[in-house]
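The sequence lines fix the lettering, A, B, ..., with proteins before strands; numbering per chain opens at 1.
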Protein chains: 2
Amino acid sequence: MGVTIYDIAREANVGIGTVSRALNNHPKIAAKTKNRILEISRRMSYQPHAYAQGLAKRKTNTIALIMPFFTNYFFVEVLQGIQDKITDLGYDIMLYGVNQTNQVEEYLKRAIQKGKVDGILFFSMKLPDGFDTRLKELQLPTILVDTFHPDFDSITVQNEEGAYVATRYLVKLGYKKIGMINASLDSEPARMRYNGYRRALEEAKLPFYERYFRISKHSKADGFNREAGYQAMSEVIDKNREDLPEAFFISSDIQAIGALNAMKDRKLTAPDDIAILGFDDIELAKHIGLTTMRQPMYQMGVLAVEKLFHRIQNNDFPPSHTTFSPTLIVRETCGTEKQQTKS
Amino acid sequence: MGVTIYDIAREANVGIGTVSRALNNHPKIAAKTKNRILEISRRMSYQPHAYAQGLAKRKTNTIALIMPFFTNYFFVEVLQGIQDKITDLGYDIMLYGVNQTNQVEEYLKRAIQKGKVDGILFFSMKLPDGFDTRLKELQLPTILVDTFHPDFDSITVQNEEGAYVATRYLVKLGYKKIGMINASLDSEPARMRYNGYRRALEEAKLPFYERYFRISKHSKADGFNREAGYQAMSEVIDKNREDLPEAFFISSDIQAIGALNAMKDRKLTAPDDIAILGFDDIELAKHIGLTTMRQPMYQMGVLAVEKLFHRIQNNDFPPSHTTFSPTLIVRETCGTEKQQTKS
DNA sequence: AACTGCTATGGAAAGGCTTCCACAATATTG
DNA sequence: CAATATTGTGGAAGCCTTTCCATAGCAGTT
């Protein structure tokens with residue numbers, strides 16, 4: 001069926017070694033032979049067999065991507081960065097989208113299966129127990145993105161600082177009663193964002209109101225979801241009818257959307273009644289004018305690929321950890337001087 | 001480094017053939033030998049080498065997914081359907097996300113590269129010239145989703161009918177001056193949606209107003225983007241200040257978002273000033289209460305995988321074409337009796 | 001005891017490539 | 001012009017499986 005180097009070798013009256021050298025532009029080959037072989041292989045529309053090549057070279061030119069689907073927007077943007085960069089490098093992506101947490105181990109095992117991929121990009125989830133040592137034993141290059149482990153290269157976002165900057169911004173706008181809607185504290189980013197929020201309040205000598213703080217109940221995706229935001233905001237409003245907070249820092253945009261819906265259902269608007277500040281800058285945020293903290297997702301994707309490549313080429317250096325600072329994106333929900341950000 | 005069947009054979013004092021038979025539970029092997037070998041291979045934590053296996057079996061257990069990133073939301077949901085189904089079947093996904101149209105050929109070539117994948121799922125784009133015959137020559141099973149070619153299995157959505165149902169709904173609500181904002185007519189779905197819209201108008205004996213019809217200019221993604229919607233709506237409003245249309249059918253949700261932004265900037269709201277009906281039901285739609293036509297994306301993903309599997313198992317039957325009908329999702333932008341769809 | 005018919009097993013071959021080693025052909029040097 | 005260095009080439013070995021063929025071992029027949 002397929003054309004092999006043997007067919008080409010016969011056609012060109014050379015040995016298979018020579019064909020291989022011609023195709024891989026090896027230095028030790030005469031220019032004319034090489035050209036003749038290339039011409040013939042083109043004519044016969046030769047395609048190297050990826051698996052045979054991989055087997056011989058002990059290299060797959062493929063990397064595994066293990067990431068949760070439930071991060072949705074984040075996911076797509078990071079993916080673009082990864083895809084663009086990786087295509088340049090001639091690699092392919094094996095995608096493992098995680099829907100339920102129990103799939104993580106399954107996918108990791110698959111990706112680890114000998115010879116399947118040259119490296120792993122692992123996203124936004126805790127590396128399951130045992131896999132840290134296993135990955136190191138296997139010497140399989142692995143980069144963590146949006147999650148951390150001291151023994152692996154990682155790329156994360158300064159959650160604490162981001163939350164701090166966000167809250168300070170609300171302070172600067174003159175709000176005094178600043179609440180927070182957070183996701184489950186099981187989540188490391190959620191804890192960090194809480195810390196940053198508290199730090200900003202303390203620094204401004206503003207009180208922390210227990211009644212304006214709420215952790216999303218809906219546990220899907222650790223509480224980083226719309227329903228959770230809706231419910232949390234509903235409760236806060238309904239229990240504090242007479243004394244509403246002036247502003248909210250919310251631990252993710254998607255929760256902020258839910259919170260805004262809850263406000264809308266109660267005829268409250270942002271920023272007139274309550275100012276809202278989110279986190280993530282998902283694509284949706286610009287559509288609805290949500291002021292938020294932006295994570296440089298595309299760049300994180302690109303950097304992740306770069307780090308992985310260093311490791312694939314040479315795995316012999318200590319882990320490096322990069323953190324990005326989120327940046328404040330001012331839109332409308334915090335009531336600045338009507339800065340129409342149209343982008 | 002890695003443990004091979006030779007290591008196991010030595011350890012168990014058997015031949016490699018026996019080891020292979022034990023691992024693949026071949027019938028002709030004594031139960032005790034098999035158990036002993038399995039035990040040993042577990043102890044040595046043997047992992048079969050995926051590429052060697054693929055080479056020997058002429059089977060990769062991998063499929064390629066070629067899809068445009070710019071469909072964003074659509075993309076993620078279809079992907080979930082695919083992933084869930086494919087994981088059950090023990091296959092892996094090679095992802096090729098297309099950002100610019102010129103990447104399509106590049107990715108197709110890569111996917112075609114001999115032995116890399118057992119089949120291809122091709123999405124939402126026209127199959128580039130020449131690849132139809134090439135894919136058939138290679139006998140590489142290929143399924144088209146959201147696009148069509150007579151020679152390949154396909155899964156599409158009834159765009160004409162969807163647009164017809166959408167427009168008829170607007171008619172039923174009592175609107176007379178019904179405009180449409182469409183994407184580029186280069187796009188087959190855009191043409192079909194236009195036809196459905198016209199058919200519904202004719203059937204209701206309502207006039208087609210040239211001045212309320214507009215094709216999005218911004219060419220990115222064939223005009224299926226937010227900026228295009230924004231601009232088209234801006235023009236229609238600004239040129240018809242004195243005599244605004246009552247309702248719009250818009251060829252995609254993302255354009256509808258842009259259109260709503262344009263209205264908001266002019267202090268117009270939906271449905272009070274102009275009713276808006278979209279197409280796609282991207283996740284975003286429910287957040288903003290957009291009435292729209294839903295495509296069963298998850299199911300399309302699942303079905304695509306199923307079709308591909310039939311072909312991988314037996315490629316010897318004529319192409320089948322499946323179409324799904326979109327369903328009307330009533331939310332708020334068309335002014336029904338305030339049906340709070342909270343989901 | 002000799003034969004037949006099974007079943008379980010060993011190991012070569014095949015899958016398609018890269019790479020290494022040996023050697024032939026050519027070029028360089030004194 | 002012989003001796004040496006250089007370059008290019010053929011093809012075996014190796015990567016790790018699966019699969020096929022031949023055979024050993026054994027139970028059952030006559």
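Of all non-hydrogen atoms in B/G115 and A/H49, the two that sit nearest each other are CA-NE2, 3.8 Å.
Judged by distance alone, the side chain of B/Q139 and the main-chain N or O of B/K136 form no donor-acceptor pair under 3.5 Å.
Taking atom CG on B/N13 and atom P on C/dG11, their separation rounds to 11 Å, with Å as the unit. Summarising the geometry, the separation between NZ on B/K28 and P on D/dA22 is reported as 18 Å, rounded to the nearest angstrom. Remark: C1' of D/dG10 and CZ of A/R10 are 15 Å apart, rounded to the nearest angstrom. Atom CG in B/N25 sits about 12 Å away from atom P in D/dT18, given to the nearest Å. Rounded to a whole Å, the CD atom of A/Q113 is 12 Å from the C1' atom of D/dC16.
In this structure, A/D7 reaches neither bases nor backbone, as no heavy-atom distance under 4.0 Å exists between it and the strands shown.
Residues from residues 30-38 of chain B that place a heavy atom under 4.0 Å from any atom of DNA chain C, listed by number: B/A30, B/T33.
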Heteroatom pairs (N/O) under 3.5 angstrom, protein to nucleotides 25-28 of chain D:
none

I'd like a table of atom pairs between the protein and nucleotides 16-25 of chain C - only N or O on both sides, under 3.5 Å - with the distance next to each one.
{"unit_1": "C/dG16", "atom_1": "N2", "unit_2": "A/A52", "atom_2": "O", "d": "3.4"}
{"unit_1": "C/dC17", "atom_1": "OP1", "unit_2": "A/Y46", "atom_2": "OH", "d": "2.4"}
{"unit_1": "C/dC17", "atom_1": "OP1", "unit_2": "A/H49", "atom_2": "N", "d": "3.3"}
{"unit_1": "C/dC17", "atom_1": "OP2", "unit_2": "A/I5", "atom_2": "N", "d": "2.8"}
{"unit_1": "C/dC17", "atom_1": "O5'", "unit_2": "A/Y46", "atom_2": "OH", "d": "3.4"}
{"unit_1": "C/dT18", "atom_1": "OP1", "unit_2": "A/N24", "atom_2": "OD1", "d": "3.1"}
{"unit_1": "C/dT18", "atom_1": "OP1", "unit_2": "A/N24", "atom_2": "ND2", "d": "3.0"}
{"unit_1": "C/dT18", "atom_1": "OP1", "unit_2": "A/Q53", "atom_2": "NE2", "d": "3.2"}
{"unit_1": "C/dT18", "atom_1": "OP2", "unit_2": "A/S20", "atom_2": "OG", "d": "2.7"}
{"unit_1": "C/dT18", "atom_1": "OP2", "unit_2": "A/N24", "atom_2": "ND2", "d": "3.4"}
{"unit_1": "C/dC20", "atom_1": "N4", "unit_2": "A/R21", "atom_2": "NH1", "d": "2.9"}

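Residues B/Q295 and B/D280 have side chains that bring a donor and an acceptor to within less than 3.5 angstrom of each other. Side-chain contact annotation: B/Y91 with B/T60, donor-acceptor N/O pair under 3.5 Å absent.
One finds the CD1 atom of B/I8 at 12.0 Å from the CZ atom of B/R36 (value rounded to the nearest 0.5 Å).
The only option from A/L65, A/I66, A/D146, A/L135 that meets the side-chain contact (heavy atoms from CB on, under 4.5 Å) definition with A/F122 turns out to be A/I66.
Between B/E106 and B/R110, at least one side-chain N (NZ, or NE/NH1/NH2) sits under 4.0 Å from a carboxylate O, which counts as a salt bridge. The pair A/K126-A/E188 fails the salt-bridge criterion, with no side-chain N (NZ, NE, NH1 or NH2) lying under 4.0 Å from an Asp/Glu carboxylate O.
Counting only heavy atoms from C-beta outward, the side chains of A/D7 and A/M44 approach each other to under 4.5 Å.
By the 6.0 Å contact criterion, CG on A/D129 is open, its count of non-hydrogen atoms from other residues, nucleotides or ligands being 12 or less.
Note: A/F317 and A/H310 have perpendicular aromatic rings, judged against thresholds of 30 and 60 degrees for the angle between ring planes.
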